[in-house]
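The next block holds one structure in the form of structure tokens; read it before the comments.
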Amino acid sequence: MNYTEALEYIHSVTWRGSIPGLSRIEELSRRMGNPEKGLRFIHIGGTNGKGSTSAYLTSVLMAAGYSVGTFTSPYVRTFNERIAINGKPVSNYMLAAATSAVKPHADAMVDKPTEFELISAIGFEIFKRKKVDVVVLEVGMGGRFDSTNIIEAPLAALITGIAFDHMQLLGDSLSKIAWEKAGIIKQNCPTVTARLKKEAAEVIAKEAKEKNSSVSEVCPDKIEVLSDTLDGIVMNYGEYKDIKTSLIGGYQPLNIALVCEAVRVLNTRGLKISRDALYRGIASAKWPARFELLSRDPVTVFDGGHNEEGVRAAIATAARVFGGEKVVLLTGVMADKAYDDMVDIIAPHVAEVFTLKVDNPRALDAASLAAVYENRGVCATPCDDIAKSFAAAKKRAKELGLPLLILGSLYLYKDIYKRV
């Protein structure tokens, strides 16, 4: 099986949605000889911030001298990004080889694995073959019944935050969503969390108590942002002073604080991460599509905020970085997202909007999204061609002398990036 055949096989697996239970991934892993066993994991769940936190931790662990596997989703440019070794996407050869090894086991199952379960198994196989020291393992969705949750007790479980997203699958209240996220907490395994709303925090505390898990929580009062510009952020977090990152976005200080707390815990769990490694790792971390500066003529920023909390954070960052001036917006969303609520947040900060349909079967059509903005009093231009809509939005931003903010689904990124 070559690389192209491997991708065709992975994507040919019938997507049947999120089916509760871990029976399929457990059977597949068992048939494969349980490649996840013997690996050390840092398990990361949460509604927003998982990707950035994974990037920071990967970079910090590498700075400390460890070989690191990273499993994230979705990808923004190439599929291989989902499974990385020392910060670099796995090679085409390795992905094909691992898929070839997994395929006969998956094909032999009566209850076939879902696509994400198959990708998880391929990731575990690659990390085993590469003999990495630590795996930074990002939950796909939820946690309790996510295929990544077949791992045994990790070095630590991190919960980056809990907000409303995927309600049709995870529940319509913060407590229900928190219960799903809390499923990654394991017996006698420490948990590190962001500052959570009371309703969610109570659920996490209950699960942690039942699992004899200590909980370390980020203290937002210890965060002091010294500088926040398009060139990056400089901040303090308690005794950690002058932490620098090239990543921008109002949510990054909270993600960095979570990493600081996680490093404290990991140093009690057999890892050796110096303060210097923490600083160097955070400074060198890269993570695309999260308030990423793509161009300065006009100033063009991409942010993959695709739920209410993510959009609110992106708009708050834009208001701060751009001095409160309005932006020209280019956007596309999935039809199953709460886009009406998101538009309510975005519309007051937008001078003009260009809408498009994302290249995804779940995408909302451009005209329908434009109509929502028009109903909020914002001039909106729908366009079904991504290249034309991007060109039109750039032209208008230059004419108005305003920044261009590209906001919405991460599925937009690869099509925008190649046109910058």
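Basis for what follows: all heavy atoms, side chains included, without hydrogens, waters or symmetry-related copies. For the single chain, residues carry numbers from 1 onward in sequence order. It should be emphasised that the depicted structure is a prediction, and the values quoted were computed from it without experimental measurement.
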Do Val259 and Asn255 touch side chain to side chain, with heavy atoms closer than 4.5 Å?
no
Arg275 vs Glu239 side-chain heavy atoms within contact, under 4.5 Å:
yes
Among all residues two or more places apart in sequence or in another chain, which pass the side-chain hydrogen bond (donor to acceptor under 3.5 Å, both in side chains) test with Lys357?
none
Going by atom types alone, do Ser54 and Thr70 pair a side-chain donor with an acceptor below 3.5 Å?
no
Flag for Thr78-Asn80: side-chain donor and acceptor within less than 3.5 Å
no
Is Lys394 close enough and on-axis enough to Phe390, meaning under 6.0 Å and within 45°, for cation-pi?
yes
What do the steps show when you test Tyr66 against Thr58 for side chain to side chain contact (heavy atoms under 4.5 Å, CB included), and what is the final call?
CA-CA 9 Å; Tyr66 292 102; Thr58 295; over 6 Å; no
Check whether any side-chain heavy atom of Cys189 sits under 4.5 Å from a side-chain heavy atom of Lys211, and report yes or no.
no
Look at Lys176 together with Glu180 and state whether they make a salt bridge at an N to O cut-off of under 4.0 Å.
no
Please answer whether the main-chain N or O of Gly250 pairs with a side-chain N or O of Thr317 as donor and acceptor at a distance below 3.5 Å.
yes
Minimum-distance pair of heavy atoms, taken over all atoms of Met109 and Arg31:
CG-NE, 3.5 Å
Give the C-alpha distance, both sets of side-chain angles, the deciding distance and a yes or no for side chain to side chain donor-acceptor pair (under 3.5 Å) between Ser29 and Glu36.
CA-CA 8 Å; Ser29 179; Glu36 79 283 359; 2.5 Å; yes
Smallest heavy-atom separation, Tyr411 atom then Lys414 atom, equals O-NZ, 3.7 Å
Start with the C-alpha distance between Arg264 and Glu261, add both sets of side-chain angles, then the distance that settles salt bridge (Lys or Arg N to Asp or Glu O under 4.0 Å), and finish with yes or no.
CA-CA 5 Å; Arg264 258 197 281 265; Glu261 294 292 349; 3.0 Å; yes
Validation row: Ile406, Thr300 side chains within 4.5 angstrom (heavy atoms):
yes
Please tabulate, one pair per line, all N/O donor-acceptor pairs under 3.5 Å involving side-chain atoms of residues 363-375, not counting sequence neighbours.
{"unit_1": "Asp365", "atom_1": "OD1", "unit_2": "Ser368", "atom_2": "OG", "d": "2.7"}
{"unit_1": "Asp365", "atom_1": "OD2", "unit_2": "Ala367", "atom_2": "N", "d": "3.3"}
{"unit_1": "Asp365", "atom_1": "OD2", "unit_2": "Ser368", "atom_2": "N", "d": "2.9"}
{"unit_1": "Asp365", "atom_1": "OD2", "unit_2": "Ser368", "atom_2": "OG", "d": "3.0"}
{"unit_1": "Glu374", "atom_1": "OE2", "unit_2": "Ala380", "atom_2": "N", "d": "3.0"}
{"unit_1": "Asn375", "atom_1": "ND2", "unit_2": "Ala371", "atom_2": "O", "d": "3.3"}

Using a 4.5 Å cut-off on heavy atoms from C-beta on, say whether the side chain of Ile42 contacts that of Leu57.
yes
Rounded to the nearest 0.5 angstrom, the CZ-CD1 distance for Phe354 and Ile386 is 15.0 Å
With sequence neighbours excluded, what pairs up with Pro288 under the side-chain contact (heavy atoms from CB on, under 4.5 Å) test?
Val76, Arg77, Glu292, Tyr413
State, to 0.1 Å, how close Met342 and Val311 come at their nearest heavy-atom pair, and which atoms those are.
SD-CG2, 3.5 Å
Hey, what's the ring geometry for Tyr75 with Phe79, parallel, tilted or perpendicular (30° and 60° as the breaks)?
perpendicular
Please verify the inter-ring angle class for Phe71 with Phe127; under 30° counts as parallel, over 60° as perpendicular, anything in between as tilted.
perpendicular
Roughly how far, to the nearest 0.5 Å, is OH of Tyr9 from OG of Ser12?
6.5 Å
With a 4.5 Å limit on heavy-atom distance, are the side chains of Leu330 and Leu412 in contact?
no
Which atom names give the shortest non-hydrogen contact between Phe124 and Ile150, and what distance separates them?
CE1-CD1, 3.9 Å
So, are Glu210 and Lys206 salt-bridged, with charged N and O less than 4.0 Å apart?
yes
Over all heavy atoms of both residues, which pair between Thr53 and Gly49 is shortest? Give the atoms and the distance, please.
OG1-O, 2.8 Å
For Ala205, the side-chain contact (heavy atoms from CB on, under 4.5 Å) test, sequence neighbours excluded, returns none
Taking C-beta and beyond as the side chain, do Val328 and Pro298 meet within less than 4.5 Å on heavy atoms?
no
Should Arg376 and Asp344 count as an ion pair when the cut-off is N to O under 4.0 Å?
yes
Side chain to side chain contact (heavy atoms under 4.5 Å, CB included) for His349 and Leu405? Distances and angles first, verdict last.
CA-CA 11 Å; His349 305 274; Leu405 176 62; over 6 Å; no
Take Glu26 and Arg30 through the salt bridge (Lys or Arg N to Asp or Glu O under 4.0 Å) test and state the conclusion after the steps.
CA-CA 6 Å; Glu26 288 173 341; Arg30 186 168 59 251; 5.8 Å; no
Starting at CD1 of Ile184, measure out to CD of Glu207 and round the result to the nearest 0.5 Å.
10.0 Å
Arg280: which residues meet the side-chain hydrogen bond (donor to acceptor under 3.5 Å, both in side chains) condition with it, sequence neighbours left out?
Asp276
Rounded to the nearest 0.5 Å, what separation is found between the CZ atom of Phe145 and the OG atom of Ser23?
11.0 Å
How long is the straight-line distance from CG of Asn267 back to NZ of Lys272, given to the nearest 0.5 Å?
10.0 Å
Residue pair Glu202, Ser175: steps toward the side chain to side chain donor-acceptor pair (under 3.5 Å) verdict:
CA-CA 8 Å; Glu202 289 174 347; Ser175 59; over 6 Å; no
Looking at Asp231 and Arg296, does any basic side-chain N land under 4.0 Å from a carboxylate oxygen?
yes
Short side-chain donor-acceptor distance under 3.5 Å, Asn34 and Lys128
no
Determine, stepwise, if the pair Val321 / Ile248 fulfils side chain to side chain contact (heavy atoms under 4.5 Å, CB included).
CA-CA 9 Å; Val321 172; Ile248 52 180; 5.8 Å; no
Enter the distance from Thr191:OG1 to Ile185:CD1 here, rounded to the nearest 0.5 Å.
4.0 Å
How far apart are the C-alpha atoms of Ser67 and Asp133, what are their side-chain angles, what is the distance that settles it, and do they pass the side chain to side chain donor-acceptor pair (under 3.5 Å) test?
CA-CA 5 Å; Ser67 170; Asp133 297 321; 4.8 Å; no
Would you please name every residue forming a side-chain contact (heavy atoms from CB on, under 4.5 Å) with Lys50, sequence neighbours left out?
Ile44, Glu138, Thr160
Pair Ile256-Tyr240, side chain to side chain contact (heavy atoms under 4.5 Å, CB included): steps then yes or no
CA-CA 11 Å; Ile256 290 170; Tyr240 301 103; over 6 Å; no
Lys/Arg N to Asp/Glu carboxylate O, Glu152 vs Lys37, below 4.0 Å:
yes
Main-chain N/O of Asp415 paired with Arg419 side-chain donor or acceptor, under 3.5 Å:
yes
For Tyr417, is the OH atom crowded, meaning more than 12 foreign heavy atoms sit under 6.0 Å from it?
no
Which atoms form the tightest heavy-atom contact between Val60 and Leu278, and what is the distance?
CG2-O, 3.8 Å
Side chains of Val218 and Tyr237 in contact at under 4.5 Å (non-hydrogen atoms)
yes
